[in-house]
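Just so you know, ligand 1 is whichever comes first in the structure, and atom 1 is the first atom listed for that ligand. Because only heavy atoms are used, hydrogens play no part in the values below, and waters and symmetry mates are left out as well, while side chains stay in. For the single chain, residues carry numbers from 1 onward in sequence order.
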Amino acid sequence: MQIYIDGNFYPKEEAKVSVFDHGFLYGDGVFEGIRGYSGRIFRLGEHLDRLYDSAKTIDLKIPITKEEMTAAIIETCKRNNLKDAYIRPIVSRGVGDLGLDPRKCSKACVVIMAVEWGAMYGDLYEKGLKAITVSVRRNPAEALPPNVKSLNYLNNILAKIEANCKGGDEAIFFDTNGYVSEGSGDNIFVVKNGVIITPPTLNNLRGITRMVAIEIANSLGFSVVERNMGYYDLYCADEVFVTGTAAEVAPITWIDGRDIGTGKPGPVTRQCMEQFKNVVQKEGTQIV
Ligand code: PMP
């Protein structure tokens, strides 16, 4: 496995960054999660736009252009001989001292990892996932804009720990107003009486798969409404599904001890899952 660090490639064992990097010390940095399918990278431009916007928000200067980043990502996939890949570009603040001040970090550090990747949830795409609504609230936008995909994922990890403890496969966050926000690593959709509902993106990450799912749902003739929801909407849904680069489109069939709908992946979710598989094969930036 070859890993890109600041313009060079290193074997996995030699791919190292300093313990003085503020990404390690403080979670000071940004990242993306991107998928490649059959030799094409899905929605690369959108992921890079989000990466550079995340960096801009935290006043982090990425030392290479989007074009250079694109070339580096393609080269990383090529060197690792990947066709179906999960790609992780990371930009950290770089080496500084033990203080917080980012001005002490003279240059950001760029790392790109890419690994072979299949279906994240295995047989749960057929069976459906169990989800737990967790007591940990999503970081409010006033504290850390959720669209900044920062290296500080502790909020999400706490949600995941709570879901793990309570026997769930995924956590569902509420925001600080008590509205449904998102999963620990994915966006959430509810299907009720043939209409698809998803929370607005004020208090969750504006997922790229979320946008793809909305496009797919519309193309299948479903209307998608963005509105706030409470736990009532989750428990009384006909279907619930989540979307994310890693999770893809995945059915939730059980929440907090209640079966959702029939307790099996529903027809709307199945159609979206099926169409998602087609869409990811049809477009993307060629790796060759
Ligand atoms: N929310 C969170 C918290 C995430 O980490 C992710 C994964 N990037 C998503 C939603 C889904 O976003 P995307 O579809 O762009 O992967």
Side-chain angles (χ1 to χ4, degrees), residues 27 29-37 41-55 57 73 85-91 113-115 117 119-121 129 131-134 136-141 143-163 168-176 179-190 196 198-217 224 226 229 240-250 252 272-273 275-277 279-280 283-285:
V30 294
F31 76 101
E32 267 303 319
I34 310 172
R35 283 286 275 265
Y37 293 94
I41 305 172
F42 189 63
R43 304 265 165 137
L44 178 58
E46 280 152 83
H47 282 284
L48 292 189
D49 286 347
R50 189 169 67 187
L51 180 72
Y52 280 73
D53 285 348
S54 290
T57 310
I73 286 174
Y86 180 80
I87 306 157
R88 170 63 60 89
I90 301 161
V91 186
M113 292 186 258
V115 294
W117 187 274
M120 179 165 108
Y121 284 124
L129 279 77
I132 303 289
T133 63
V134 293
V136 176
R137 297 298 170 106
R138 183 72 170 105
N139 274 335
L144 179 63
N147 215 37
V148 174
K149 207 165 159 53
S150 88
L151 290 183
N152 190 332
Y153 250 53
L154 259 188
N155 185 222
N156 312 61
I157 290 165
L158 283 173
K160 191 78 190 163
I161 289 170
E162 191 173 333
D169 303 302
E170 177 55 312
I172 300 173
F173 270 126
F174 293 103
D175 65 20
T176 47
Y179 295 123
V180 175
S181 167
E182 62 179 337
S184 72
D186 31 58
N187 293 107
I188 188 158
F189 290 77
V190 159
I196 302 178
T198 191
T201 53
L202 296 169
N203 290 319
N204 51 53
L205 181 72
R206 206 173 301 143
I208 289 159
T209 323
R210 175 186 182 276
M211 264 322 296
V212 175
I214 292 173
E215 287 165 23
I216 287 173
V224 182
E226 292 188 35
M229 290 183 278
V240 174
F241 62 89
V242 290
T243 65
T245 297
E248 302 178 296
V249 180
I252 304 270
C272 291
M273 288 167 71
Q275 191 54 20
F276 182 76
K277 277 195 193 135
V279 168
V280 295
E283 55 167 284
T285 309

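In this structure, S184 and E170 approach most closely via the heavy-atom pair OG-OE1, 2.7 Å.
The shortest heavy-atom distance from E32 to ligand 1 is not under 4.0 Å. Taking 4.0 Å as the cut-off, N187 counts as a neighbour of ligand 1 on heavy-atom distance. The shortest separation from a heavy atom of G33 to ligand 1 is not under 4.0 Å, leaving the residue out of contact. Not a single heavy atom of A247 sits closer than 4.0 Å to an atom of ligand 1.
Geometrically, R138 engages F173 in a cation-pi contact, judged by NZ or CZ lying under 6.0 Å from the ring centre and within 45° of the ring axis.
Remark: among candidates R210, E182, R50, the nearest residue to atom 1 (N) of ligand 1 is E182, based on non-hydrogen atoms.
Looking only at distances, a side-chain donor or acceptor of E182 sits under 3.5 Å from a matching main-chain atom of L205. At least one donor-acceptor pair closer than 3.5 Å links the side chain of N204 to the backbone N or O of S181. Side-chain atoms of N155 come within 3.5 Å of backbone atoms of N139 as a donor-acceptor pair (strictly under, hydrogens ignored).
Counting heavy atoms from C-beta on, the side chains of I34 and I41 come closer than 4.5 Å. Considering only heavy atoms from C-beta on, I90 comes within 4.5 Å of M113 through its side chain.
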Would you please test E248 and T209 for side chain to side chain contact (heavy atoms under 4.5 Å, CB included) and show each step? CA-CA 7 Å; E248 302 178 296; T209 323; 5.7 Å; no
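At a heavy-atom distance under 4.0 Å, no atom of A246 approaches ligand 1. Residue contacts with ligand 1 for T209 involve both N, CA, C or O and side-chain atoms from C-beta outward (heavy atoms, distance under 4.0 Å).
The N/O atoms of G244, backbone and side chain alike, include none that comes under 3.5 Å of an N/O atom in ligand 1. In terms of polar-atom proximity, N156 is not counted as a contact of ligand 1, lacking any N or O under 3.5 Å from an N or O of the ligand.
Ranking protein heavy atoms by distance to atom 16 (O) of ligand 1, first place goes to T245 OG1, 2.5 Å. Given atom 5 (O) of ligand 1, the protein heavy atom at minimum distance is Y153 OH, 2.4 Å. Counting only heavy atoms of the protein, atom 12 (O) of ligand 1 lies nearest to G207 CA, 3.4 Å. For atom 6 (C) of ligand 1, the closest non-hydrogen atom of the protein is G185 O, 3.2 Å. Looking only at heavy atoms of the protein, atom 8 (N) of ligand 1 is closest to K149 NZ, 2.8 Å.
Among the candidates I252, T243, V249, the single residue satisfying the side chain to side chain contact (heavy atoms under 4.5 Å, CB included) test with F189 is T243.
Note on E226 versus R210: salt bridge recorded, some NZ/NE/NH1/NH2 to OD/OE distance being below 4.0 Å.
Of all atoms in ligand 1, listed by their number and element, those nearer than 4.0 Å to a heavy atom of S184 are 3 (C).
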